[in-house]
Amino acid sequence: GSANGTAPLALPNFQIGRPLGKGKFGRVYLARTKAPPHFIVALKCLHKQEIVAGKVEKQVRREIEIQQNLRHPNILRLYGYFHDSKRIFLVLEFAAEGELYKQLSKLGKFDEKRSSRYIAQMADALSYLHKKHVIHRDIKPENLLIGLKGELKIGDFGWSVHAPSDRRHTLCGTLDYLPPEMVEGKEHTSKVDLWALGVLCYEFIVGGPPFEDLAGHSATYRRIRNVDLHVPDSVSPEAKDLITRLLRYNPDDRLPLAEVLQHPWIKKYEKKRS
Ligand SMILES: Cn1ncc2ncnc(NCCc3cnc(NC(=O)Nc4cccc(C(F)(F)F)c4)s3)c21
């Protein structure tokens with residue numbers, strides 16, 4: 001029970017603020033609890049008929065079940081959810097600095113110090129996820145947010161699964177982050193996230209994904225399968241070394257997360273402990 005007699009996680013208990021963004025299946029609003037302490041959250045509103053039409057209700061359920069049990073500073077918290085006749089609401093941690101991809105498109109690319117810190121935070125979050133046998137499977141700038149202290153937060157576990165998984169999904173959205181094994185519809189393991197980490201590192205430093213091919217999907221597929229990688233000379237040798245150790249065709253040849261966190265390019269920019 002609560003002060004006004006309704007369950008705490010219910011719409012009447014929230015004051016809705018400005019829209020924060022809109023995704024495929026619904027909008028996100030800044031919100032706060034009416035009753036003190038005024039807890040600030042991001043409220044994602046999903047429309048049930050769109051979820052049913054998109055045949056993604058299983059994924060939303062899985063996301064809620066997975067994300068509710070995750071506690072890590074670089075993973076956006078899902079505090080809970082509630083629904084009314086037409087909508088499902090996800091009560092999410094509010095990431096005060098907003099969407100990472102917006103900063104990336106505004107700046108064009110990140111300097112290597114900022115990129116290194118983001119990649120270190122990603123590797124930390126991914127090793128936490130993999131220890132819980134969760135593969136995110138959808139690591140890309142659009143799913144990353146930035147917290148109050150400039151820290152990276154992985155959001156949107158809509159495509160995460162318990163490892164290993166070979167469930168075929170109609171993969172929607174960008175192909176740029178898919179590893180060869182997913183492009184070829186093979187069984188995939190948590191090592192798909194290692195490939196995505198390499199793609200992300202390249203995109204942060206260079207400003208665009210490594211296998212993008214404006215000739216279209218099949219050209220991108222081919223470049224991914226052939227690991228047709230060209231790292232510009234503007235990229236430092238240490239950063240290039242990490243990228244090439246993650247973007248390996250064979251999942252078992254990809255640098256494990258523990259070694260990513262010990263890589264010279266990561267240690268070089270680690271926050272100095274005063
Ligand atoms: C923009 N913005 N600015 C600040 C800020 N702070 C927090 N959050 C923000 N935005 C919301 C980020 C999200 C986190 N988790 C999500 N989860 C989801 O959207 N799940 C989901 C939906 C529909 C269908 C499916 C599936 F699986 F069925 F496909 C899964 S969206 C913020």
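Because the structure is predicted, anything quoted here is derived from the model rather than measured. Quick note: numbers below take in every heavy atom, side chains included, and nothing from hydrogens, waters or symmetry partners. Counting convention: from 1, in listed order, for ligands and their atoms alike.
By the 4.0 Å heavy-atom criterion, E93 is counted among the residues contacting ligand 1.
Only the side chain of K44 comes within 4.0 Å of ligand 1, counting heavy atoms alone; its backbone N, CA, C and O stay farther away. Residue-level proximity to ligand 1 for A42 is carried by the side chain, the only part with a heavy atom below 4.0 angstrom. Counting heavy atoms under 4.0 Å from ligand 1, residue L76 touches it through the side chain alone. Residue contacts with ligand 1, taken as heavy atom pairs separated by less than 4.0 Å, involve V56 via backbone and side-chain atoms alike. In L92, the part holding a heavy atom less than 4.0 Å from any atom of ligand 1 is the side chain. With a 4.0 Å cut-off on non-hydrogen atoms, E63 touches ligand 1 through its side chain and not its backbone.
Ionic pairing of R223 and D228 is present here: one or more N-O contacts between side-chain nitrogen and carboxylate oxygen are shorter than 4.0 angstrom.
Near L90, meaning under 4.0 Å from any of its heavy atoms, are these atoms of ligand 1: 17 (N), 18 (C), 20 (N). The ligand atoms of ligand 1 that sit less than 4.0 angstrom from a heavy atom of F94 are 4 (C), 6 (N). Using a 4.0 Å cut-off to heavy atoms of L145, the atoms of ligand 1 that qualify are 2 (N), 7 (C), 8 (N), 9 (C), 12 (C), 32 (C). Against a heavy-atom cut-off of under 4.0 Å, V60 is close to the following atoms of ligand 1: 24 (C), 25 (C), 26 (C), 27 (F), 28 (F).
Ring to ring, F204 and Y118 are close: their centroids are under 6.0 angstrom apart.
Remark: the backbone N or O of P73 is paired with a side-chain donor or acceptor of K153 at under 3.5 angstrom. Within the 3.5 Å criterion, the main-chain N or O of L30 finds no donor-acceptor partner in the side chain of R18.
Figure legend: R77 and Y79 shown without cation-pi pairing, the cationic atom not lying both under 6.0 angstrom from the six-membered ring centre and within 45 degrees of its axis.
For the pairing with Y177, the side chain to side chain donor-acceptor pair (under 3.5 Å) check across E142, E203, K140 returns one residue only, E203.
Residue E97 comes nearest to G147 through the heavy atom pair CG-O, 2.9 Å, listed as atom of the first residue, atom of the second, then distance.
Considering backbone and side-chain atoms together, A95 places an N or O closer than 3.5 Å to an N or O of ligand 1.
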Test R62 against E65 for salt bridge (Lys or Arg N to Asp or Glu O under 4.0 Å), laying out the working first.
CA-CA 5 Å; R62 190 188 307 124; E65 169 226 325; 6.0 Å; no
